[in-house]
Peer 1: 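One structure coming up, written as structure tokens, with questions to follow.
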Amino acid sequence: MNNFDFLDNDRLKKQLEFLVEIDKMKQVFRRTVLVDKSRRENDAEHSWHFALYGMLLNEYCGDDIDVNKVIRIGLVHDLVEVYAGDTFAYDAKGKLDKTQRELDAADKLFSMLPDDQRDEIRALWDEFEAKETKESRCANVCDRLQPLIHNFLTDGHTWKEGDVSSAQVLERMDIIRETSPELWKVVTGIVETSVKQGILKE
């Protein structure tokens, strides 16, 4: 028996079952550690933080940004990792099958929802991945900036673990350069300072 078999409202049942399933995000741990260095952050924490980055920093991504859409993208962009797992940004081998793993996960996870909400959330996820709209580009800026700042404030924790160079970081952050001159100053300042401090390989 499923948890909500007592319901005669099939739509509500599907919605609740999906919400329970995505609780698994709290068990998907990323390579990034919390600023206090006490443990790794999980996907749910990252998505919450991403949404707040979008709420506060969207003004640096251009005019007429639909901030609500950026926040919604933030909340759904990593849901597929419930099944696909988190792939380290600088893991060349892991990236080889990342796209297919995540597409398969999206098909499986979003199909749990009523059709209209399945299509809505899938469209937000697809938009984030495509990086073509101003909202999705702003969302990708937030997704890149949040762990960059965490790495800077944790003495290069994840960079050191992955033997990451400043060139790799700058390449990863390129969408910020393309999208937000003001936030690019944050990126270059962090990279230059980190190299000087010896917490990021030149």
Peer 1: Kindly say whether Tyr60 contributes a backbone atom to a donor-acceptor pair with the side chain of Ser180 at under 3.5 angstrom?
Peer 2: yes
Peer 1: For Lys26, which residues count as a side chain to side chain donor-acceptor pair (under 3.5 Å) partner, sequence neighbours excluded?
Peer 2: Asp23
Peer 1: So, Asp78 versus Ser47: side-chain donor-acceptor pair below 3.5 Å or not?
Peer 2: no
Peer 1: Sequence neighbours left out, what passes ring pair (Phe, Tyr, Trp, His ring centres under 6.0 Å) with Phe88? Give chain and number order.
Peer 2: Tyr90
Peer 1: In Å, rounded to the nearest 0.5 Å, how long is the span from CD of Glu129 to OG1 of Thr99?
Peer 2: 7.5 Å
Peer 1: How many angstroms lie between NZ in Lys69 and CG in Asn58, if you round to the nearest 0.5 Å?
Peer 2: 14.0 Å
Peer 1: So, using side chain to side chain donor-acceptor pair (under 3.5 Å) as the criterion, who are the partners of Arg101 when residues are at least two apart?
Peer 2: Thr87, Asp97
Peer 1: Evaluate the criterion side-chain contact (heavy atoms from CB on, under 4.5 Å) for residue pair Trp125 and Leu79; output intermediate values, then yes/no.
Peer 2: CA-CA 9 Å; Trp125 184 77; Leu79 289 177; over 6 Å; no
Peer 1: Any idea which heavy atoms bring Leu75 and Ala51 closest together, and the distance?
Peer 2: CD2-CB, 4.2 Å
Peer 1: Side-chain heavy atoms under 4.5 angstrom apart, residues restricted to Ile, Leu, Val, Met, Phe, Trp, Tyr: same cluster for Ile121 and Val70?
Peer 2: no
Peer 1: Do Val187 and Val35 belong together in a cluster built from hydrophobic side chains that touch within less than 4.5 Å?
Peer 2: yes
Peer 1: Using 0.5 Å steps for rounding, measure from the CG atom of Leu52 to the CD1 atom of Ile71.
Peer 2: 7.5 Å
Peer 1: Tell me whether Met173 is reachable from Leu153 by hopping between hydrophobic residues (I, L, V, M, F, W, Y) whose side-chain heavy atoms are closer than 4.5 Å.
Peer 2: yes
Peer 1: Using atom types as modelled and distance alone, determine if a side-chain donor or acceptor of Glu45 lies under 3.5 Å from a backbone N or O of Asn42.
Peer 2: yes
Peer 1: When you compare the side chain of Lys14 with that of Leu113, does any pair of heavy atoms fall below 4.5 Å?
Peer 2: no
Peer 1: Thr158 and Thr32: which non-hydrogen atoms are nearest, and at how many Å?
Peer 2: OG1-CA, 3.6 Å
Peer 1: Considering all heavy atoms of both residues, which atom of Cys61 and which atom of Ile65 are nearest to each other, and what is their separation?
Peer 2: O-CD1, 3.8 Å
Peer 1: Taking only Lys NZ, Arg NE, NH1 and NH2, and the carboxylate oxygens of Asp or Glu, determine whether Lys37 and Asp155 approach each other closer than 4.0 Å.
Peer 2: yes
Peer 1: Any salt bridge (charged side-chain N to carboxylate O under 4.0 Å, His left out) pairs touching residues 52-62, not counting sequence neighbours?
Peer 2: none
Peer 1: Could you list the donor-acceptor pairs under 3.5 angstrom formed between side-chain atoms of residues 139-149 and any protein atom two or more places apart in sequence or on another chain?
Peer 2:
from   : atom 1 : to     : atom 2 : distance (Å)
Asn140 : OD1    : Arg144 : NH1    : 3.3
Asn140 : ND2    : Phe128 : O      : 3.0
Asn140 : ND2    : Ser136 : O      : 2.8
Asp143 : OD1    : His46  : NE2    : 2.7
Asp143 : OD1    : His77  : NE2    : 3.2
Arg144 : NE     : Arg172 : O      : 3.1
Gln146 : OE1    : His46  : ND1    : 2.8
Gln146 : NE2    : Glu41  : OE1    : 3.0
Gln146 : NE2    : His49  : ND1    : 3.3
Gln146 : NE2    : His150 : NE2    : 3.4

Peer 1: Listing request: all salt bridge (charged side-chain N to carboxylate O under 4.0 Å, His left out) pairs with a residue in residues 178-191, at least two apart in sequence or in separate chains.
Peer 2: Arg137-Glu178, Glu182-Lys185
Peer 1: In Å and rounded to the nearest 0.5 Å, what is the CZ to OG1 distance from Arg177 to Thr179?
Peer 2: 9.0 Å
Peer 1: Show every donor-acceptor pair shorter than 3.5 Å between a side-chain atom in residues 194-202 and any protein atom, with sequence neighbours excluded, or say none if there are none.
Peer 2:
from   : atom 1 : to     : atom 2 : distance (Å)
Ser194 : OG     : Ile190 : O      : 2.7
Lys201 : NZ     : Asp163 : OD1    : 3.1
Lys201 : NZ     : Asp163 : OD2    : 3.3

Peer 1: Sequence neighbours left out, what pairs pass ring-ring contact (aromatic ring centres under 6.0 Å, His included) with at least one residue falling in residues 155-194?
Peer 2: none
Peer 1: Between atom CD of Glu102 and atom CG of Asp107, what is the distance when rounded to the nearest 0.5 Å?
Peer 2: 12.0 Å
Peer 1: Indicate, with yes or no, if Leu19 and Tyr83 share a hydrophobic cluster defined by side-chain heavy-atom contacts under 4.5 Å among Ile, Leu, Val, Met, Phe, Trp and Tyr.
Peer 2: yes
Peer 1: Nearest 0.5 Å please: distance from the CD atom of Glu132 over to the CD atom of Glu127.
Peer 2: 9.0 Å
Peer 1: Quick one: list whatever passes side chain to side chain donor-acceptor pair (under 3.5 Å) with Gln100, sequence neighbours left out.
Peer 2: Asp104
Peer 1: Kindly indicate, with the supporting measurements, whether the criterion salt bridge (charged side-chain N to carboxylate O under 4.0 Å, His left out) is fulfilled by Lys13 and Asp8.
Peer 2: CA-CA 8 Å; Lys13 180 181 172 184; Asp8 58 9; over 6 Å; no
Peer 1: Quick one: are Val191 and Phe152 in side-chain contact, heavy atoms under 4.5 Å?
Peer 2: no
Peer 1: Taking side-chain contact (heavy atoms from CB on, under 4.5 Å) as the test, write out the residues that go with Asp126, two or more places apart.
Peer 2: Arg122
Peer 1: Flag yes if Met25 and Met112 sit in one hydrophobic cluster, no otherwise; membership is Ile, Leu, Val, Met, Phe, Trp, Tyr, and two members link when side-chain heavy atoms are under 4.5 Å apart.
Peer 2: yes
Peer 1: State which residues pass salt bridge (Lys or Arg N to Asp or Glu O under 4.0 Å) with Lys134; sequence neighbours excluded, sorted by chain then number.
Peer 2: none
Peer 1: So, using side chain to side chain donor-acceptor pair (under 3.5 Å) as the criterion, who are the partners of Asp64 when residues are at least two apart?
Peer 2: none
Peer 1: Go through Arg72 and Asp66 one step at a time and tell me if the salt bridge (charged side-chain N to carboxylate O under 4.0 Å, His left out) criterion holds.
Peer 2: CA-CA 10 Å; Arg72 294 200 327 268; Asp66 181 349; 5.1 Å; no
